[in-house]
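Working notes, beginning with the structure itself.
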Amino acid sequence: MPDPTIRVRIAPSPTGPLHIGTARTALFNFLFARHVGGTFILRIEDTDVARGSEAYERDILEGLDWLGIPWDEGPDPAGGGDVGPFGPYRQMQRLDLYRAAADRLLAADLAYPCFCTPEELAADRAAQEAAKLPPRYVGRCARLTPDERAARLAEGRRPVTRFRVRSGVVGWNDLVRDRIEIDTANLGGDFVILRADGTPLYHFTVVVDDAAMEISHVIRGEDHVGNTPKHILLFEALGHPVPEFAHLPLILNPDGTKMSKRKGQTALDDYRAEGFLREGLVNYLAYLGWSPGTEEDVLPLHEIVARFDLAKVHKGGAKFDRERLEWLNGQWIRRLPPDELIDRLRPFLERAAADGRIDRVPDDEELRALLPIVQERLPTLAAIVDLVGFLWTDTIRADRTTLVPKRWDAATTSEALLAARELLRTHDQVTWEADELEPPLRALAESHGWKAGDLFMAIRVAVTGRTATPPLFDTLVALGPERSLARLDAATEALAEPA
RNA sequence: GCCCUCAUCGUCUAGAGGCCUAGGACGCCACCCUUUCAAGGUGGAGAUCAGGGGUUCGAAUCCCCUUGGGGGCACCA
């Protein structure tokens, strides 16, 4: 049952690649909207021209799109025109709206021009700091007469526009944190809403846009709690009903501070590049600060939507736990249908080939045959190369020390490898299958008095170059008789070389 | 300095006065399975519910204080 009165938004600023925290906030907005049948809007807050870039905007749209949390209104991720009746959805295309809103505030004397110079403001702040007072605008220009303003204008000084902060207490019933009240005396004085060049600042654009776009619920990070009174004041000054607010707990670094690039991996793109699935990421992110209250850990998006409830969102922050993310991702990889897994693995193989980490890319058929032995061994998609990259590499390097099993010496290893090679060479190639390869090799070990495990380990390292691999006989099958024999030869040669 | 705010195993969490001698999951340890590595199964260690006061027949759950943590105080968003 769609509810047109419920409208939420994610409003990222393109000043960096899509942040995992932004993705989480977007997800919670999406979950809330879908759960109640509301509308999920994406708005680009690009008024910080100095730090923003179009490349970042693309990264954000692409990342959100990839995550699988589609917005109902906003820029078209494919690069087309905006979608939705409240556009445009990029703030730099809405400048006249802010200008008009500011004019209304100016006309009602709810805002005023301020001619203070950056130097004056810096001096004020320094003085306040020295006196151990909280920083705040002193109000030098708050009560300028028309003549004084005209005089300054005549000097060629360009004023910023400041919003008059009224005295009193502003409060709201936060949907996750309950009642919050803040005395406006602690807001830092009258704040700037328009720069001298007329471009608007954050606090002003959010409110003008949230009002214009009829946003009913503002769901954002806890770091915005202190901004909320300013926004409420602005809504009131603009004569617009104040929306509901819900402040989400922050995602934290391992040391408990707000997640940052310095102390953690924050770009969604980096997780994507490592081969984390959207399903795993979404599942994990949804469980940071929220839980369905049941004992289900692996939950698909539509189930999360069905169970989501803002009232059950936590108040305290949650540390980002990569181990748990990896486990969850593995769960999702194991749940992927074969064809789907193959499709998702492909880009990672192509990338590995481009980087020279493997020499060729397997086709779908080869990959499909491999899935039974790799699917349960992948914590991430990118791990495929590490796991079985030796299958697509022309030459492997197996050094002498790893070639010789723990309980063996080089001579025994050579002897065993030679015997195994001979056995495999004469093995019927039509029955080059795991079930057919195992018995004769076991018999070989027994006849020489070797432990089967030692023999298998020697062969494993000889044909793969590593001690940890998928099951040996499946590996030999994937390798094929020709390459298996060649690698056994190369290994014996390596052992024969003087150390 | 000021304002706001949070507080259950190492981590993510269940818990909305008696069901809690606090449950699950990740991680860790052991065992089983086993040719290695995983996956899977079983079991285990791990939280005097930050501390102290109340309220109550009864508190992890309600109130107060303390402590500790976090967030915020821009012509950034």
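Labels below follow one simple rule: chain letters A, B, ... track the order of the sequence lines, proteins then strands, and each chain is numbered from 1. No experiment lies behind these values; they were computed from the predicted model shown.
At a threshold of 4.0 angstrom between heavy atoms, the contacts of A:Asp197 with the nucleic acid are absent. Contact annotation for A:Phe473: base contact, defined as any heavy-atom pair under 4.0 Å involving a base atom. Residue A:Leu472 is in base contact, counting any heavy-atom pair closer than 4.0 Å across all strands shown. In this structure, A:Pro470 reaches the bases: a heavy-atom distance under 4.0 Å links it to at least one base atom across the strands shown. At a threshold of 4.0 angstrom between heavy atoms, the contacts of A:Pro471 include nucleobase atoms, whether or not backbone atoms are also involved.
Of all nucleotides listed (B:G40, B:U35, B:G23), B:G40 comes nearest to the side chain of A:Gln331. Side-chain proximity of A:Val225 to B:A77, B:G1, B:C4: nearest is B:C4. The listed nucleotides are B:C75, B:U35, B:G40; the one nearest the side chain of A:Arg334 is B:G40. Listed nucleotides B:C3, B:A25, B:U13 differ in distance to A:Asp297; the shortest reach to its side chain belongs to B:A25. The side chain of A:Lys132 sits closest to B:G1 out of B:G1, B:A77, B:C4. Of the candidate nucleotides B:G70, B:G27, B:C6, B:C6 has the atom nearest to the side chain of A:Arg177. Closest to the side chain of A:Asp223, from the set B:U13, B:C76, B:G71, is B:G71. Ranking B:U36, B:A14, B:U35 by closeness to the A:Met457 side chain, first place goes to B:U36. Nearest nucleotide to the A:Arg324 side chain, out of B:A25, B:C75, B:A77: B:A25. Proximity note for A:Lys315 (side chain, C-beta onward) versus B:C76, B:A25, B:C6: the nearest is B:C6.
Comparing the C1' positions of B:G18 and B:U55 gives a spacing of 16 Å, expressed to the nearest Å. Between the P atoms of B:C73 and B:G27, the separation comes to 38 Å (whole Å). A distance of about 7 Å separates the C1' atoms of B:A60 and B:U8, rounded to the whole Å. Straight-line distance between the C1' atoms of B:U61 and B:U36: roughly 50 Å, to the nearest whole Å. Rounded to a whole angstrom, the distance from the P atom of B:G68 to that of B:C31 is 44 Å. Using atom P as the reference point in both B:A7 and B:C64, the two lie 14 Å apart (nearest Å). B:C32 and B:C37 have their P atoms separated by 14 Å, given to the nearest Å. If you take atom C1' in B:C49 and the same atom in B:C62, they sit 15 Å apart, rounded to whole Å.
In this structure, A:Lys312 does not reach the B:U13 phosphate: none of its side-chain N or O atoms is under 4.0 Å from OP1 or OP2. The side chain of A:His314 contributes no N or O atom lying less than 4.0 Å from OP1 or OP2 of B:G70. In this model, the phosphate group of B:C76 is approached by a side-chain N or O of A:Arg195 to a distance below 4.0 Å at OP1 or OP2. Under 4.0 angstrom from either OP1 or OP2 of B:U35 there lies at least one side-chain N or O belonging to A:Arg442. Residue A:Thr15 has no polar side-chain atom (N or O) positioned under 4.0 Å from OP1 or OP2 of B:C76.
Taking a pair to require two hydrogen-bonding distances under 3.5 Å in either a Watson-Crick or a G-U wobble arrangement, B:A50 pairs with B:U66. Nucleotide B:A25 has B:U11 as its partner under the Watson-Crick or G-U criteria, with both atom distances under 3.5 Å. Across all strands shown, B:C73 pairs with B:G1; the Watson-Crick or G-U wobble distances both stay below 3.5 Å. Base pairing annotation: B:U56 forms no Watson-Crick or G-U wobble pair, as no partner gives both donor-acceptor distances under 3.5 Å.
When the P atom of B:U34 is taken as reference, atom CD1 of A:Ile373 falls 19 Å away, rounded to whole Å. Nucleotide B:G10 holds its C1' atom 18 Å from the CZ atom of A:Arg322, rounded to whole Å. The NZ atom of A:Lys319 sits 15 Å away from the C1' atom of B:C26 (whole-angstrom rounding). Rounded to a whole Å, the CG atom of A:Leu250 is 13 Å from the P atom of B:C12. For A:Glu181 and B:C3, the CD to P distance is 15 Å, given to the nearest whole Å. Distance A:Glu129 CD to B:C73 P: 15 Å, rounded to the nearest Å. The separation between A:Ile180 atom CD1 and B:G71 atom C1' is 11 Å, rounded to whole Å. Protein atom CD of A:Gln91 is 14 Å distant from nucleotide atom P of B:C76, rounded to whole Å.
Put simply, the side chain of A:Tyr287 does not reach to within 4.5 Å of the side chain of A:Leu328, judged on heavy atoms. The closest side-chain heavy-atom distance from A:Leu194 to A:Leu201 is not below 4.5 Å. At a threshold of 4.5 Å between non-hydrogen side-chain atoms, the residues A:Tyr98 and A:Gln91 count as touching. Taking the side chain as every heavy atom from C-beta outward, A:Leu437 and A:Leu472 never approach each other to under 4.5 Å. Using a 4.5 Å cut-off on side-chain heavy atoms (C-beta onward), A:Phe473 and A:Phe456 make contact.
Just one residue in the list A:Leu31, A:Asn29, A:Val176 forms a side-chain contact (heavy atoms from CB on, under 4.5 Å) with A:Ile219, and that residue is A:Asn29.
Taking the nucleotide of RNA chain B with the nearest heavy atom to each of A:Arg179 and A:Ser13, the more 5' of the two is matched to A:Arg179. Sequence order on RNA chain B of the closest nucleotides to A:Asn186 and A:Leu325 puts A:Asn186 first from the 5' end.
The base of B:U35 sits within donor-acceptor range of the side chain of A:Arg460, with an N or O pair under 3.5 Å. For B:A77, the base has no donor-acceptor partner in the side chain of A:Arg51 [N/O atoms by modelled type, under 3.5 angstrom].
With respect to the salt-bridge test (charged N to carboxylate O, under 4.0 angstrom), the residues A:Asp48 and A:Arg51 qualify.
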Does the pair A:Val463 and A:Phe390 meet the rule for a side chain to side chain contact (heavy atoms under 4.5 Å, CB included), with working shown? CA-CA 8 Å; A:Val463 300; A:Phe390 58 81; over 6 Å; no
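For A:Arg322 and A:Phe320, the positive end is not near the middle of the six-membered ring at less than 6.0 Å and at most 45° from its axis.
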